[in-house]
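One is the number of the first residue; the rest follow in order along the sequence.
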Amino acid sequence: QVQLVESGGGLVQPGGSLRLSCAASGFTLDYYTIGWFRQAPGKEREGVSCISSSDGSAYYADSVKGRFTISRDNARNTVYLQMNSLKPEDTAVYYCAAGPEITLATMWRPYEYEYWGQGTQVTVSS
């Protein structure tokens, strides 16, 4: 079974931190670009960050630059999203996704990714 499972979401106060994990099973993440997307109530799904399969380059949406860090541990077949200095506007369901042929032109397009996790809720509120 091909599967991605997110974990690590929860309720935090503004300025707090969370680390999300995306664990893959049934396939290896080594050759996939991994993206993190989020969807807030009433909003479209938007790209947050991605990490390439080729050279490990990381990319971030302007809204999270300097606050979020994406990383991958191929030995654990897991990708992480460290989220610091969280803001209320970061509140959303966060999804990880994997795509084998993602490019700079397509990395922010959800429909380009082949596999998706079930999502994990992140709520930032005082």
Side-chain angles (χ1 to χ4, degrees):
Q1 181 181 4
V2 174
Q3 187 171 290
L4 291 171
V5 178
E6 301 100 332
S7 62
L11 173 64
V12 297
Q13 294 184 332
S17 298
L18 286 172
R19 188 182 73 162
L20 305 184
S21 298
C22 175
S25 61
F27 71 107
T28 178
L29 293 177
D30 296 33
Y31 306 106
Y32 287 78
T33 294
I34 307 300
W36 284 97
F37 295 80
R38 66 187 182 188
Q39 188 165 18
K43 301 292 183 66
E44 295 293 321
R45 190 168 299 188
E46 64 175 351
V48 177
S49 181
C50 66
I51 186 165
S52 73
S53 61
S54 56
D55 60 4
S57 296
Y59 304 90
Y60 302 93
D62 289 341
S63 60
V64 306
K65 285 181 180 177
R67 301 189 297 120
F68 291 11
T69 303
I70 190 171
S71 62
R72 66 193 305 159
D73 186 340
N74 289 338
R76 296 181 181 272
N77 216 25
T78 300
V79 173
Y80 305 95
L81 184 67
Q82 179 67 46
M83 306 187 296
N84 299 325
S85 302
L86 284 163
K87 304 175 181 179
E89 51 263 45
D90 295 318
T91 296
V93 177
Y94 283 71
Y95 302 88
C96 67
E101 297 179 354
I102 304 299
T103 69
L104 290 174
T106 63
M107 62 183 182
W108 300 120
R109 300 172 183 172
Y111 50 84
E112 297 287 350
Y113 290 78
E114 184 174 2
Y115 303 119
W116 288 84
Q118 83 290 342
T120 185
Q121 176 70 48
V122 172
T123 302
V124 185
S125 176
S126 59

Practice problem: Just do the side-chain contact (heavy atoms from CB on, under 4.5 Å) check on Glu101 and Tyr31 with the steps written out, would you? | Solution: CA-CA 9 Å; Glu101 297 179 354; Tyr31 306 106; over 6 Å; no
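- More than 12 non-hydrogen atoms from other residues, nucleotides or ligands lie less than 6.0 angstrom from CD of Glu89.
- Between Trp108 and Tyr59, the gap from one ring centroid to the other reaches at least 6.0 Å.
- Once rounded to the nearest 0.5 Å, the distance linking OG1 of Thr91 with CG of Leu86 reads 8.5 Å.
- Contact record, Val79 with Ser71: CG1-O, 3.2 Å, taken as the closest heavy-atom pair.
- The CG atom of Leu18 lies 11.0 Å from the OG atom of Ser7; values are rounded to the nearest 0.5 Å.
- Leu81 has its side chain within reach of Ser49: a pair of non-hydrogen atoms, C-beta onward, lies under 4.5 Å apart.
- Using a 4.5 Å heavy-atom threshold, the side chains of Met83 and Leu20 count as touching.
- Note on ring orientation: taking the six-membered ring where Trp is involved, the planes of Tyr32 and Tyr115 are tilted (angle from 30° to 60°).
- The aromatic rings of Trp116 and Phe37 sit tilted relative to each other, their planes meeting at an angle between 30° and 60°.
- Around CZ of Arg76, the count of heavy atoms belonging to other residues, nucleotides or ligands within 6.0 Å does not exceed 12.
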Exercise. Begin from the C-alpha positions of Thr69 and Tyr80 and carry the test side-chain contact (heavy atoms from CB on, under 4.5 Å) through to its verdict.
Key: CA-CA 8 Å; Thr69 303; Tyr80 305 95; over 6 Å; no
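- Inter-residue side-chain proximity for Ser17 and Gln82 is flagged as met; some heavy-atom pair is nearer than 4.5 Å.
- A heavy-atom distance below 4.5 Å is found between the side chains of Glu114 and Pro100.
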Practice problem: For the pair Leu4 and Leu29, evaluate side-chain contact (heavy atoms from CB on, under 4.5 Å) and give the outcome as yes or no after the intermediate values. | Solution: CA-CA 10 Å; Leu4 291 171; Leu29 293 177; 4.1 Å; yes
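- A single hydrophobic cluster is not seen to contain both Tyr60 and Tyr95; linkage of ILVMFWY side chains at heavy-atom distances under 4.5 Å, directly or through other members, places them apart.
- Listed by chain and residue number, Ala105, Thr106 satisfy the side chain to side chain contact (heavy atoms under 4.5 Å, CB included) test with Thr103 (two or more places apart in sequence, or in another chain).
- The shortest heavy-atom contact between Ser53 and Thr33 is N-OG1, 3.5 Å.
- The two residues Pro14 and Ser126 come nearest to each other via the heavy atoms CD-N, 3.7 Å.
- Within the 3.5 Å criterion, the main-chain N or O of Thr78 finds no donor-acceptor partner in the side chain of Asp73.
- Residues Glu6 and Trp36 meet the side-chain proximity criterion, which asks for heavy atoms closer than 4.5 Å.
- The backbone N or O of Ala92 lies less than 3.5 Å from no partner atom in the side chain of Gln39, so there is not a single donor-acceptor pair.
- To the nearest 0.5 angstrom, Ile102 atom CD1 is 14.0 Å from Ile51 atom CD1.
- Of the possible donor and acceptor atoms, none in the side chain of Tyr113 sits under 3.5 Å from a partner among the backbone N and O of Ile34.
- Ion pair Asp90/Lys87 not flagged as a salt bridge, since none of the NZ, NE, NH1 or NH2 atoms sits closer than 4.0 Å to an Asp/Glu carboxylate oxygen.
- Summarising the geometry, atom CG belonging to Asn77 is positioned 8.0 Å from atom OG belonging to Ser25; distances are rounded to the nearest 0.5 Å.
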Quiz item: Are Arg38 and Ser63 close enough, and set up right, to give a side-chain contact (heavy atoms from CB on, under 4.5 Å), and what steps lead you there?
Solution: CA-CA 12 Å; Arg38 66 187 182 188; Ser63 60; 3.5 Å; yes
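- In this pair, Phe68 and Tyr94 present their aromatic rings tilted. The plane angle is within the 30 to 60° band.
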